[in-house]
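Scope of the values below: all heavy atoms of this structure, side chains included, with no hydrogens, waters or symmetry mates.
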Amino acid sequence: MDAFRVVFPEPGRVEIERFDIGDPAAGEVLVETKATLISIGTELTALTGEFPERSAWSAYVKYPFSPGYSCVGKIIKVGSGVKGFDVGDIVATTSPHATYSIERVERIVKVPENVGIESACFHTIAAGVMNSIRLARVSLGDAVVVVGLGPLGQMTVIFSRMAGAYPVIALDLAERRIEIAKTSGATHTLRVDDWKAVREAIRRITKGRMADKVFEVTGNPDVISKAITLTRSLGCFIVLSSPRGKTILDFHDEVNRPSRIIMGTHFTSQPEHESPHTPWTRRRNTELFFDLLSSGFLRIDHLITHRYHWRDVKKAYNMLLEDRTRAVGVILKFGD
């Protein structure tokens with residue numbers, strides 16, 4: 001059967017490629033895509049090719065590159081031995097932007113009937129941010145600062161509040177993202193025009209203590225050396241983004257002397273298999289995200305800023321290349 005997928009043949013080029021997709025094998029299902037979410041940070045980094053040679057980025061992005069990892073679709077065929085999933089089920093997958101995909105059943109999660117497909121498309125980001133919040137041990141009364149208010153940053157605001165953090169201070173350059181962060185639950189918002197002024201504002205908000213936890217979610221390596229200064233002594237600085245290059249940092253003045261902790265929380269640190277000691281796998285985080293949406297305890301429709309038909313994907317990327325700060329959630333809609 002003919003299928004189509006988005007591909008970056010080389011840096012700076014976006015194409016739609018035809019490919020053949022067969023029948024699912026044992027333990028697999030064939031999924032017809034309904035919608036996907038563009039990962040603004042990861043996909044623009046891959047599209048521009050603006051990352052260091054001989055790095056984790058260069059190992060991950062190999063051209064031609066198939067972007068996308070947050071998809072929702074309908075099962076249209078099941079392979080032998082599949083249990084718990086049927087034709088017609090709506091499921092979440094981590095497949096790229098494509099009209100169809102074949103998935104192993106252990107890699108998919110069923111979407112509840114009362115959860116909207118577009119909201120469900122945030123599942124990969126939601127699970128990754130839940131993992132970060134847990135690793136950082138955000139708890140009741142923690143003063144949290146979120147630097148960067150794209151999709152990851154907005155989710156960090158949401159789940160920090162849900163974990164009991166207060167205040168939750170959201171920082172960005174873009175006024176639209178700052179306004180969205182207020183709906184996400186930020187108790188305070190600051191525009192980052194002057195880092196000295198930002199530090200003084202956070203000092204006032206936290207009654208002189210500074211932030212217990214600071215999440216860096218811009219991906220800009222130059223921001224890290226500034227954002228870490230918002231963290232209190234013995235506080236935790238969390239790199240949730242995937243920075244695009246090296247950072248120059250005075251480890252004596254900004255790490256050793258104030259005894260700050262630096263923590264990386266990449267999505268891949270979610271354990272593959274559930275155990276009593278490591279219960280929060282990607283699947284379980286995703287299931288919790290859907291349960292929260294299904295119950296009405298969580299709403300994220302305010303994060304969707306743009307929608308494009310998948311055939312107009314070049315327009316979507318061009319919009320982001322022109323000014324990504326205009327966007328948070330960019331949905332690609334599939335079908336007629």
Side-chain angles (χ1 to χ4, degrees), residues 41 125-126 128-175 177-243 247-266 269 328:
I125 287 176
V129 173
M130 286 179 179
N131 176 61
S132 182
I133 295 292
R134 287 198 184 87
L135 290 176
R137 297 185 178 180
V138 176
S139 61
L140 185 65
D142 272 348
V144 167
V145 171
V146 181
V147 185
L149 299 174
L152 284 172
Q154 299 288 343
M155 284 285 187
T156 305
V157 170
I158 289 169
F159 290 122
S160 292
R161 281 299 303 273
M162 197 173 291
Y166 190 93
V168 176
I169 308 166
L171 277 59
D172 205 288
L173 286 168
E175 290 293 344
R177 287 182 167 183
I178 288 171
E179 288 302 311
I180 291 171
K182 294 176 182 177
T183 304
S184 294
T187 62
H188 301 75
T189 58
L190 297 170
R191 180 182 167 89
V192 187
D193 294 313
D194 180 330
W195 279 100
K196 182 178 179 181
V198 167
R199 280 192 293 274
E200 289 307 310
I202 290 174
R203 191 179 304 280
R204 289 194 302 271
I205 293 167
T206 61
K207 300 179 176 63
R209 299 183 181 95
M210 302 303 286
D212 298 291
K213 311 286 166 61
V214 175
F215 289 86
E216 194 291 310
V217 210
T218 69
N220 184 341
D222 295 332
V223 169
I224 291 173
S225 60
K226 301 176 180 67
I228 195 172
T229 65
L230 309 178
T231 317
R232 68 168 173 82
S233 177
L234 290 172
C236 186
F237 181 76
I238 303 100
V239 183
L240 175 52
S241 72
S242 294
T247 295
I248 297 175
L249 183 65
D250 187 329
F251 267 76
H252 177 270
D253 286 10
E254 303 303 346
V255 181
N256 185 42
R257 181 65 178 84
S259 300
R260 293 177 176 127
I261 299 164
I262 298 177
M263 175 182 292
T265 58
H266 195 270
S269 61
V328 176

Might you confirm whether atom CZ of R257 has over 12 heavy atoms from other residues, nucleotides or ligands at distances under 6.0 Å? no
With rounding to the nearest 0.5 Å, note down the distance linking CG in L171 to CZ in R191. 11.5 Å
Do the side chain of K213 and the main chain of S139 share a donor and acceptor less than 3.5 angstrom apart? no
Given the rule in the side-chain contact (heavy atoms from CB on, under 4.5 Å) test, do V145 and L190 qualify, once you have shown the distances and angles that lead to the verdict? CA-CA 10 Å; V145 171; L190 297 170; over 6 Å; no
What are the two closest non-hydrogen atoms of P258 and S233, and how far apart are they? O-OG, 2.9 Å
Salt bridge (Lys or Arg N to Asp or Glu O under 4.0 Å) with R232: which residues, sequence neighbours excluded? D212
List the steps, then state whether side-chain contact (heavy atoms from CB on, under 4.5 Å) holds for F215 with I238. CA-CA 5 Å; F215 289 86; I238 303 100; 3.7 Å; yes
Considering all heavy atoms, the nearest A170-V157 contact: CB-CG2, 4.2 Å
By side-chain hydrogen bond (donor to acceptor under 3.5 Å, both in side chains), which residues pair with R203, not counting sequence neighbours? none
Which residues pass the side-chain hydrogen bond (donor to acceptor under 3.5 Å, both in side chains) test with D172, sequence neighbours left out? none
Can you tell me how far CD1 of I125 sits from CE of M130, rounded to the nearest 0.5 angstrom? 12.5 Å
If you look at every heavy atom in L149 and I178, which pair is closest and at what distance? CD1-CA, 4.0 Å
The complete set of side chain to side chain donor-acceptor pair (under 3.5 Å) pairs with one or both residues in residues 148-170, sequence neighbours excluded, reads Q154-S184
So how far is it from R260 CZ to C236 SG, rounded to the nearest 0.5 Å? 11.5 Å
With rounding to the nearest 0.5 Å, note down the distance linking CD1 in I262 to CD in E216. 11.5 Å
Name all residues meeting the salt bridge (Lys or Arg N to Asp or Glu O under 4.0 Å) criterion together with D253; count only those two or more places apart in sequence or in a different chain, and write none if there are none. none
T206 side, atom OG1; I169 side, atom CD1 - distance, nearest 0.5 Å: 6.5 Å
Does R177 reach the main-chain N or O of V328 with its side chain, forming a donor-acceptor pair under 3.5 Å? no
Is the backbone N or O of T265 less than 3.5 Å from a side-chain atom of S269, with the two atoms forming a donor-acceptor pair by type? no
Please tabulate, for side-chain N and O atoms in residues 220-231, each donor-acceptor pair with protein atoms closer than 3.5 Å (sequence neighbours left out).
{"unit_1": "N220", "atom_1": "OD1", "unit_2": "D222", "atom_2": "N", "d": "2.9"}
{"unit_1": "K226", "atom_1": "NZ", "unit_2": "D222", "atom_2": "O", "d": "3.3"}
{"unit_1": "T229", "atom_1": "OG1", "unit_2": "R199", "atom_2": "NH1", "d": "3.3"}
{"unit_1": "T229", "atom_1": "OG1", "unit_2": "K226", "atom_2": "O", "d": "2.5"}
{"unit_1": "T231", "atom_1": "OG1", "unit_2": "I228", "atom_2": "O", "d": "3.0"}

